[in-house]
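What follows is a set of notes on a single structure, which appears directly below.
Order of appearance sets the numbers: ligands from 1, and atoms from 1 within every ligand.
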Amino acid sequence: MRARLSILGATGSIGRSTLDVVARHPDRFEVFAVSGHSRVDALFDICRAHRPAIAVVPDERTASSLRQRLHGLALPTLVESGEAALAAIAAAPEADIVMAAIVGAAGLVPTLAAARAGKKLLLANKEALVMAGDLLIEAVRRSGGQLLPVDSEHNAIFQCLAKHGGGEPDLRGVRRILLTASGGPFRQTPNSALASVTPDAACAHPNWVMGRKISVDSATMMNKGLEIIEAHYLFGMDAARIEVLVHPQSIVHSLVAFDDGSVIAQLGQPDMRTPIAYALAYPDRIDAGVDTLDLARIGRLDFESPDFLRFPCLELAYRALRASGTACAILNAANEEAVAAFLDGRLSFPGIAEVVAATLDAVADTRATALDDILEVDRKARAWAKERLAARTVRPA
Ligand code: NAD
Ligand code: MG
């Protein structure tokens with residue numbers, strides 16, 4: 001029996017890497033449903049190549065344009081639209097595996113729907129876990145589903161802790177988790193030059209090719225901040241036991257330190273097809289189309305401590321995690337608004353951390369854990385951040 005997949009965010013960087021791995025194993029996987037938000041051409045190509053039963057787009061206008069293009073191609077694909085359709089393909093009985101690869105808070109509701117439906121949930125959409133970690137973990141536990149991290153660092157940690165033959169990761173004897181971070185494109189840029197960096201420069205990651213939002217997050221190191229929170233929920237670890245280690249080559253994807261002094265790391269090429277293939281086939285290992293590392297050619301691996309002054313977003317994430325409650329959802333919402341403003345040329349690069357810090361100060365953190373309460377906090381934090389952005393006098397140089 002082939003495993004059937006729903007891919008939320010199939011047109012994105014993770015979505016396309018997932019389809020690449022799936023296409024290498026037609027005996028193991030088939031694509032049941034896909035979604036895409038804006039790039040209809042890309043979604044059309046995916047439908048042609050993978051023949052899903054359902055394709056979901058944001059609205060009826062986009063749906064009819066895609067239907068028209070598919071018309072006459074004798075494909076089985078039904079085109080549906082809207083948020084309810086997105087949650088439906090995540091929870092559909094026909095789907096065995098759900099890849100959550102939508103970027104940002106927009107992915108929360110369908111990701112939670114997959115968790116509640118007991119799916120094998122492959123999580124790339126870290127923002128969903130940052131916003132609603134307790135809710136998502138509890139939903140997976142209750143439904144008897146499975147949560148497999150796709151983020152390369154968390155996938156690496158999962159691999160370091162994995163038991164032969166599968167099952168939950170074994171956390172006994174773990175002292176600390178060490179999340180590696182490349183430091184992004186501005187690791188060595190003089191602080192004085194950061195005020196004038198452009199969106200394209202921020203998105204030019206030295207090692208990874210990714211969507212624009214996560215690329216900016218990597219440049220501010222908020223990505224690592226979100227990953228600290230992600231690690232907390234995935235592995236039940238306190239903030240004090242999660243450390244960041246800067247490793248510019250992105251070859252060591254993360255490490256686990258044990259009580260006896262052992263440190264186990266996972267290494268590989270900086271290619272998301274490796275963690276995707278691992279999660280897809282877990283506990284088996286399958287070809288991901290990725291070459292074996294040539295360490296002799298790479299020659300050296302460097303490590304250094306993160307610079308908390310240059311990257312204030314790291315401390316903001318620790319602060320939100322220590323506060324617990326809805327602070328992480330507030331952090332995430334403010335960051336999404338600030339990054340969008342930076343990408344639009346409405347905010348300078350250092351302004352991102354300023355807007356996030358100010359929003360964390362201003363919006364009340366609550367203990368709420370229900371979905372509606374979290375979505376309400378998300379709305380409030382966005383509204384506050386937007387006001388702050390509109391009132392700002394600081395513009396990009
Ligand atoms: P991307 O921008 O390349 O793709 C995002 C996908 O989400 C697209 O399919 C897009 O159509 C869809 N989308 C965007 N806005 C939407 C909305 N409002 N409603 C519904 N769908 C929407 O992003 P990406 O780089 O593939 O990242 C996806 C997720 O995976 C992010 O949460 C990111 O942090 C995480 N992630 C990515 C990488 C990577 O290497 N790209 C690595 C680790 C984690
Ligand atoms: Mg990562």
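Both the backbone and the side chain of His37 come within 4.0 Å of ligand 1, judged by heavy-atom distances.
In this structure, the protein non-hydrogen atom closest to atom 42 (C) of ligand 1 is Met272 CE, 3.6 Å. Among protein heavy atoms, the minimum distance from atom 41 (N) of ligand 1 is reached at Ser13 OG, 3.2 Å. Of all protein heavy atoms, the one closest to atom 23 (O) of ligand 1 is Gly211 CA, 4.0 Å. What sits closest to atom 43 (C) of ligand 1 on the protein, heavy atoms only, is Asp151 OD1, 3.1 Å. Protein heavy atom at the shortest distance from atom 28 (C) of ligand 1 is Ala101 O, 3.4 Å. Of all protein heavy atoms, the one closest to atom 5 (C) of ligand 1 is Val103 CG1, 3.7 Å. Of all protein heavy atoms, the one lying nearest to atom 33 (C) of ligand 1 is Ile214 CD1, 3.8 Å. Of the protein's non-hydrogen atoms, Ile102 O, 3.8 Å is the one closest to atom 29 (C) of ligand 1.
Looking at ligand 1, you'll find an N or O of Ile14 within less than 3.5 Å of one of its N or O atoms. Below 3.5 Å of separation, one finds no N or O of Arg212 facing any N or O of ligand 1. Backbone and side-chain nitrogen or oxygen atoms of Ser35 are examined, and none is located within less than 3.5 angstrom of a nitrogen or oxygen of ligand 1. In terms of N/O distances under 3.5 Å, ligand 1 is not approached by Val209.
Between Arg187 and Asp307 there is no salt bridge, since no side-chain nitrogen of the basic residue lies less than 4.0 Å from a carboxylate oxygen of the acidic one. Using a cutoff of 4.0 Å between basic side-chain nitrogens and carboxylate oxygens, Arg388 and Glu354 are not scored as salt-bridged. A salt bridge links Asp365 to Arg367: one of the charged nitrogens lies within less than 4.0 Å of a carboxylate oxygen. The pair Arg346-Glu337 fails the salt-bridge criterion, with no side-chain N (NZ, NE, NH1 or NH2) lying under 4.0 Å from an Asp/Glu carboxylate O. Between Asp238 and Arg176, none of the side-chain N atoms (NZ, or NE/NH1/NH2) sits under 4.0 Å from a carboxylate O, so this pair counts as no salt bridge.
A donor-acceptor contact shorter than 3.5 Å links the side chain of Arg2 to the backbone of Pro26. Distance alone, capped at 3.5 Å, places no donor-acceptor pair between the Arg69 side chain and the Phe44 backbone.
Contact atoms of ligand 1 toward Glu127: 31 (C), 32 (O), 34 (O) (distance under 4.0 Å to a heavy atom of the residue). Close contacts of ligand 1 with Gly12, meaning ligand atoms under 4.0 Å from a residue heavy atom, involve 1 (P), 3 (O), 4 (O), 8 (C), 9 (O), 26 (O). The atoms of ligand 1 that sit less than 4.0 Å from any heavy atom of Ala106 are 17 (C), 18 (N), 19 (N). Using a 4.0 Å cut-off to heavy atoms of Thr11, the atoms of ligand 1 that qualify are 8 (C), 9 (O), 10 (C), 11 (O).
Closest heavy-atom approach to atom 30 (O) of ligand 1 among the candidates Pro58, Ala124, Gly36: Ala124.
With contacts defined as side-chain heavy-atom distances shorter than 4.5 Å, the pair Thr189/Phe349 does not qualify. Residues Val209 and Met272 are not in side-chain contact: their nearest non-hydrogen atoms beyond the backbone lie 4.5 Å or more apart.
Applying the 6.0 Å contact sphere to CZ of Arg322 captures more than 12 heavy atoms from other residues, nucleotides or ligands. At most 12 non-hydrogen atoms from other residues, nucleotides or ligands lie less than 6.0 angstrom from CD of Glu83. At most 12 non-hydrogen atoms from other residues, nucleotides or ligands lie less than 6.0 angstrom from NZ of Lys380.
Protein atoms that are N, O or S and lie under 2.8 Å from the Mg ion (ligand 2) are these: Asp151 OD1, Glu153 OE1, Glu227 OE2.
A parallel orientation is assigned to the rings of His154 and Phe235, their planes being inclined by less than 30° (bins at 30° and 60°).
If you check the side chains of Thr62 and Asp59, you find a donor sitting under 3.5 Å from an acceptor.
The hydrophobic clustering, which links ILVMFWY residues whose side-chain heavy atoms are closer than 4.5 Å, places Ile137 and Ile229 together.
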